[in-house]
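I have placed the structure first, in the form of structure tokens, so that the comments after it can refer back to it.
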Amino acid sequence: MPEALGQRPHAQWSAPSLCDGWTVQDVANHRVGVNQCWALSIAAGLRGNPTRFLGTFDPVETPKQMVGGMRTLTPAETLDMRRRLEAYE
């Protein structure tokens, strides 16, 4: 993902995606956020301290909240977050 998105002009990041009301960057941020949640959850579980992230998961509201909180990120910051997560994969 970082390579494909990193080659896109900045203007394409703000283009509408196929997800209603989300831009291309919103979708990228969602994927990064979900991967980050899983990485943190797995690491916590391996330490014997499982998370409870999914206990309050709402399939409509939770993704909106996650993406909403990431809308201030620049495309470069989104890609940087994704690259840092590769260490967990």
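The structure displayed is predicted, hence computed values, not measured ones. Every heavy atom of this structure was used, including side-chain atoms; hydrogens, water molecules and symmetry mates were not.
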Worksheet entry | Which atom of Arg82 lies closest to which atom of Val32, heavy atoms considered | CB-CG2, 3.8 Å
Item to complete: Could you tell me the separation between the CE atom of Met66 and the CD atom of Gln36, rounded to the nearest 0.5 Å?
Response: 8.5 Å
Item to complete: Tell me, with the steps shown, if Ser41 and Thr51 meet side-chain hydrogen bond (donor to acceptor under 3.5 Å, both in side chains).
Response: CA-CA 6 Å; Ser41 293; Thr51 63; 3.0 Å; yes
Worksheet, complete the sentence: residues 52-70 vs side-chain hydrogen bond (donor to acceptor under 3.5 Å, both in side chains), sequence neighbours excluded, gives none
Worksheet item: Looking at side-chain heavy atoms only, is the closest gap between Arg71 and Thr23 below 4.5 Å?
Response: no
Item to complete: List for me each residue that meets ring pair (Phe, Tyr, Trp, His ring centres under 6.0 Å) alongside Trp22, sequence neighbours excluded, and say none if there are none.
Response: His30
Discussion item. As an exercise, state the distance from CD1 of Ile42 to CZ of Arg47, rounded to the nearest 0.5 Å.
Written reply: 12.0 Å
Discussion item. Looking at Leu73, is its backbone amide N or carbonyl O close enough to the side chain of Gln25 to form a donor-acceptor pair, meaning the two atoms are under 3.5 Å apart?
Written reply: yes
Worksheet item: Does Asn29 use its side chain to pair, donor to acceptor, with the backbone of Asp26 at less than 3.5 Å?
Response: no
Worksheet, complete the sentence: Distance col, row Met81:CE vs Asn35:CG, nearest 0.5 angstrom, shows 10.0 Å
Response to the item:
Students should find that the hydrophobic cluster of Val60, defined by side-chain heavy atoms under 4.5 Å apart, otherwise consists of none
